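One structure is given below, encoded as C-alpha cells.
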Amino acid sequence: MFAPPIAPINWENGRVALIDQTLLPLEVKKIYPETVEEMWSAIRRLQVRGAPAIGIAAAFGLYLAVRGAESKEDFYLQLERAAAYLATARPTAVNLFWALERVKAAAKAVPDLSLAQLKERVLSEALALQQEDEAMCLAIGRHGAPLLAGLTAVLTHCNAGTLATARYGTALAPVYYLAGQGKLLHVFADETRPLLQGARLTAWELKQVGIPVTLITDSMAAVVMQKKMVQAVIVGADRIAANGDVANKIGTYGLAILAHEHGLPFYVAAPSSTFDASLASGEEIPIEERGPEEITHFGNRRTAPEGIAVYNPAFDVTPARYITAIITEKGVLKPPYKESISNYLK
Ligand code: MRU
C-alpha cells in the first residue's frame, strides 16, 4: 500500500532510531536514544508521539534498560524499574502501558532462558510489536476504505498517520489504502493547536506522497463543514473506554459536535492496543496537561502576557454518542459500543 517512505521508529544496526518529530517539517533528522532515560525524554518531549508509536518506542526503551543487565536477577529488576519509569512519560495513550505490560509478560513467561536469551526476548518482543502494529494499521486501512471510498474530501485532526504508528497510520490508513487503489481523497488537515501536529506532521507526510492536502486552522473546521468541503471526519485515538468514549488530541470533541451538527459521519480509527476495557467510560481516562509555554509562546516568541493563567489539556474525550463508527483491524464497530467493543476484544 501507499505510505510515506519514512517510518518513525527503526531498529538500525543495534540502535533504535527515531525521527525527531519536533523538528519536522523543517528537518528530517534521526536521534538514537541510548538509555531508558533518553527514551523517556523522547516520549515526553514528543520527539516520538502518537499512541501506537509511543507504545513501540517504550518497548524498545525496555530493551535499552535491560541490555546492560549483569545477572538474571538484575535483568528482572531493571525490567520492572524501567517499565515503572517509562509509564510516567505520558498518561493518556493506553498503548504505552499496554506495550510495557506485554514486553514484561513476554520476559516473565520464559524464566528458564539464559541472561543473553532474555535480553534477546525483550528485543524480539519490541520488534514483534512494531510489526504487528504495521499489520493492524494496514488492516484498518482495508476496513476503513469502503467507508470513505465514495467521498471526495475528509477532515482530520492532529496526526494519526505513519508518523504516529509503525507505518500507515490509523486515521490516514484508509486514505493511503484508497491511494494505493488509485483514488486520491482530498484531506483537510487541522493545524492542531498548540503543537501543530496537523501542520507540521500530517500536512508533511501526505505531501510527501502526493496526496492532496489542505491545511486549515482549527477554528476553520466549522466553515469547511458548512460549505460542504468535506463529507466526513476521521481521527485517531489515544484511549477508548469500554463504552466507546474516545480520548484523542484536544479539539477532537469539538469536531465531533460540529460533524453532528452538520450531519457528517465522525469516524475514529484505532487498533486493539488503544482500547482500555478496564475503564467503563471516558470520564476515567487520565488527561495529560502540558506546560503553559506551549500556549504563551509561538515557537520561541512570547505571544501572551507574562504571568497569565493557562489551561493546557493535551487531550479531550469525545462521548460515544457522537461517533458514527470505530474502524479497527478486525472490522468496523458500530453502536451500541459497549456490546460491539466487548465482542471485538474477546
Ligand atoms: O500528543 P500527540 O501528538 O501524541 O497526540 C497524538 C494524537 O492525539 C493522535 O491522534 C493519537 O495518538 C492517535 S495516533 C494513531
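Everything numeric here is computed off the predicted structure, so don't read it as measured data. In listed order, ligands and their atoms are each counted from 1.
In this structure, a donor-acceptor pair under 3.5 Å is absent between the side chains of Tyr85 and Glu80.
Both tests hold for Lys249 against Phe315: distance to the six-membered ring centre under 6.0 Å, angle to the ring axis within 45°. Under the 6.0 Å distance and 45° angle rule, Arg15 counts as a cation-pi partner of Tyr32.
Ring planes of Tyr322 and His260: perpendicular class, angle over 60° (limits at 30 and 60°).
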Cut-off 3.5 Å, no hydrogens considered: what does the side-chain donor-acceptor table look like for residues 45-57, sequence neighbours left out?
residue: Arg45; atom: NH1; partner: Gln47; partner atom: OE1; Å: 3.3
residue: Gln47; atom: NE2; partner: Asp20; partner atom: OD2; Å: 3.1
residue: Arg49; atom: NH1; partner: Gln21; partner atom: OE1; Å: 3.2
residue: Arg49; atom: NH1; partner: Asn159; partner atom: OD1; Å: 3.0
residue: Arg49; atom: NH2; partner: Asn159; partner atom: O; Å: 2.8

Identify all N/O pairs between ligand 1 and the protein with a separation under 3.5 Å and present them as a table of atom names and distances.
residue: ligand 1; atom: 1 (O); partner: Arg90; partner atom: NH1; Å: 3.4
residue: ligand 1; atom: 1 (O); partner: Arg90; partner atom: NH2; Å: 2.8
residue: ligand 1; atom: 1 (O); partner: Lys249; partner atom: NZ; Å: 2.7
residue: ligand 1; atom: 3 (O); partner: Arg49; partner atom: NE; Å: 2.9
residue: ligand 1; atom: 3 (O); partner: Arg49; partner atom: NH2; Å: 3.2
residue: ligand 1; atom: 3 (O); partner: Gln197; partner atom: NE2; Å: 2.9
residue: ligand 1; atom: 4 (O); partner: Gly50; partner atom: N; Å: 3.0
residue: ligand 1; atom: 4 (O); partner: Arg90; partner atom: NH1; Å: 2.8
residue: ligand 1; atom: 8 (O); partner: Asp238; partner atom: OD1; Å: 2.9
residue: ligand 1; atom: 8 (O); partner: Asn248; partner atom: OD1; Å: 3.2
residue: ligand 1; atom: 8 (O); partner: Lys249; partner atom: N; Å: 3.2
residue: ligand 1; atom: 10 (O); partner: Asn248; partner atom: OD1; Å: 2.6
residue: ligand 1; atom: 12 (O); partner: Ala51; partner atom: N; Å: 2.8
residue: ligand 1; atom: 12 (O); partner: Asp238; partner atom: OD1; Å: 3.2
residue: ligand 1; atom: 12 (O); partner: Asp238; partner atom: OD2; Å: 2.9

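Ring pair Phe275/Tyr344: centre-to-centre distance below 6.0 Å.
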